[in-house]
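Below: one structure, written as structure tokens.
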Amino acid sequence: EEQLKNAIVPKFKRQEIVYSIEYGEIGEIEELTVVAYLDNYIILCENRETSKLDWVHKDYLFVTKEEAQAKLKELQGENK
């Protein structure tokens with residue numbers, strides 16, 4: 001019970017569909033599939049359209065597309 005209390009539980013599960021924001025000149029939202037974890041912060045994901053693999057920081061992954069859009073708008077508003 002003590003071990004479970006102190007366990008690090010990943011935010012996303014393997015094979016779960018998630019949404020990532022790519023922030024830069026052009027903000028885009030990508031639909032990805034979680035493949036593996038480097039640690040609890042960096043997650044290997046596969047782009048569902050291109051099958052390209054990429055490492056993504058957990059702060060840029062979201063469960064829904066709407067959450068990703070809201071965060072992208074927030075970030076764009078900070079840099080105006």
Side-chain angles (χ1 to χ4, degrees):
E1 197 173 308
E2 184 67 26
Q3 284 180 322
L4 290 176
K5 190 170 102 175
N6 295 326
I8 296 172
V9 179
K11 183 176 178 180
F12 305 104
K13 296 176 177 69
R14 285 186 69 235
Q15 301 303 314
E16 181 176 3
I17 296 171
V18 294
Y19 298 88
S20 171
I21 58 172
E22 284 201 23
Y23 185 66
E25 293 273 328
I26 300 172
E28 286 188 25
I29 296 173
E30 293 183 302
E31 187 175 89
L32 307 172
T33 301
V34 174
V35 176
Y37 282 83
L38 175 61
D39 57 28
N40 198 34
Y41 299 99
I42 307 297
I43 302 162
L44 179 63
C45 294
E46 178 182 22
N47 184 304
R48 294 178 58 81
E49 291 181 18
T50 64
S51 298
K52 177 185 159 207
L53 293 173
D54 200 7
W55 294 103
V56 182
H57 191 280
K58 75 170 186 159
D59 291 346
Y60 294 98
L61 288 178
F62 303 89
V63 175
T64 67
K65 192 171 188 175
E66 291 76 20
E67 288 175 332
Q69 289 169 332
K71 182 64 175 181
L72 184 58
K73 282 183 184 178
E74 177 187 317
L75 289 171
Q76 288 171 335
E78 288 176 2
N79 288 324
K80 285 189 175 185

Flag side-chain contact, heavy atom, 4.5 Å: [X] against [Y]:
{"X": "Val56", "Y": "Ile42", "value": "no"}
{"X": "Thr33", "Y": "Gln15", "value": "yes"}
{"X": "Ile43", "Y": "Leu38", "value": "no"}

*Please answer whether the main-chain N or O of Tyr19 pairs with a side-chain N or O of Tyr60 as donor and acceptor at a distance below 3.5 Å.*
no

_Sequence neighbours excluded - salt bridge (Lys or Arg N to Asp or Glu O under 4.0 Å) pairs with any residue from residues 48-57_ =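 Salt bridge (Lys or Arg N to Asp or Glu O under 4.0 Å) check on residues 48-57 returns Glu31-Arg48.
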
Going by atom type alone, with no hydrogens or angles, which donor-acceptor pairs under 3.5 Å involve a side-chain atom of residues 62-72 and a protein atom two or more places apart or on another chain?
from: Thr64; atom 1: OG1; to: Glu67; atom 2: N; distance (Å): 3.1
from: Glu67; atom 1: OE1; to: Val63; atom 2: N; distance (Å): 3.1
from: Glu67; atom 1: OE1; to: Thr64; atom 2: N; distance (Å): 3.3
from: Lys71; atom 1: NZ; to: Glu74; atom 2: OE2; distance (Å): 3.3

*Of all residues at least two apart in sequence or in a different chain, which pass the side-chain hydrogen bond (donor to acceptor under 3.5 Å, both in side chains) check with Arg14?*
none

*asked:* Taking side-chain hydrogen bond (donor to acceptor under 3.5 Å, both in side chains) as the definition, give me every residue that meets it alongside Ser20, ordered by chain and number, with sequence neighbours left out.
replied: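 Per chain and number, Ser20 pairs via side-chain hydrogen bond (donor to acceptor under 3.5 Å, both in side chains) with no residue.
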
*For Tyr41, what residues pass the side chain to side chain contact (heavy atoms under 4.5 Å, CB included) criterion, not counting sequence neighbours?*
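With neighbours one apart ignored, the set is Asp39, His57, Lys58.
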
_Counterpart residues, side chain to side chain contact (heavy atoms under 4.5 Å, CB included), relative to Leu53 (two or more places apart)_ =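 Partners of Leu53 by the side chain to side chain contact (heavy atoms under 4.5 Å, CB included) criterion, ordered by chain and then number, come out as Val35, Leu44, Glu46.
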
*Is there a chain of hydrophobic side chains (I, L, V, M, F, W, Y, each step under 4.5 Å between heavy atoms) that links Leu61 to Leu75?*
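Looking at the clustering, Leu75 is in the same group as Leu61.
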
*If every non-hydrogen atom of Phe12 is compared with every non-hydrogen atom of Val18, which pair is closest and at what distance?*
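The pair with the smallest heavy-atom distance is CD2-CG1, 3.4 Å.
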
*Could you tell me which non-hydrogen atom of Asn47 sits nearest to which non-hydrogen atom of Glu30, and how far apart they are?*
ND2-OE2, 2.9 Å

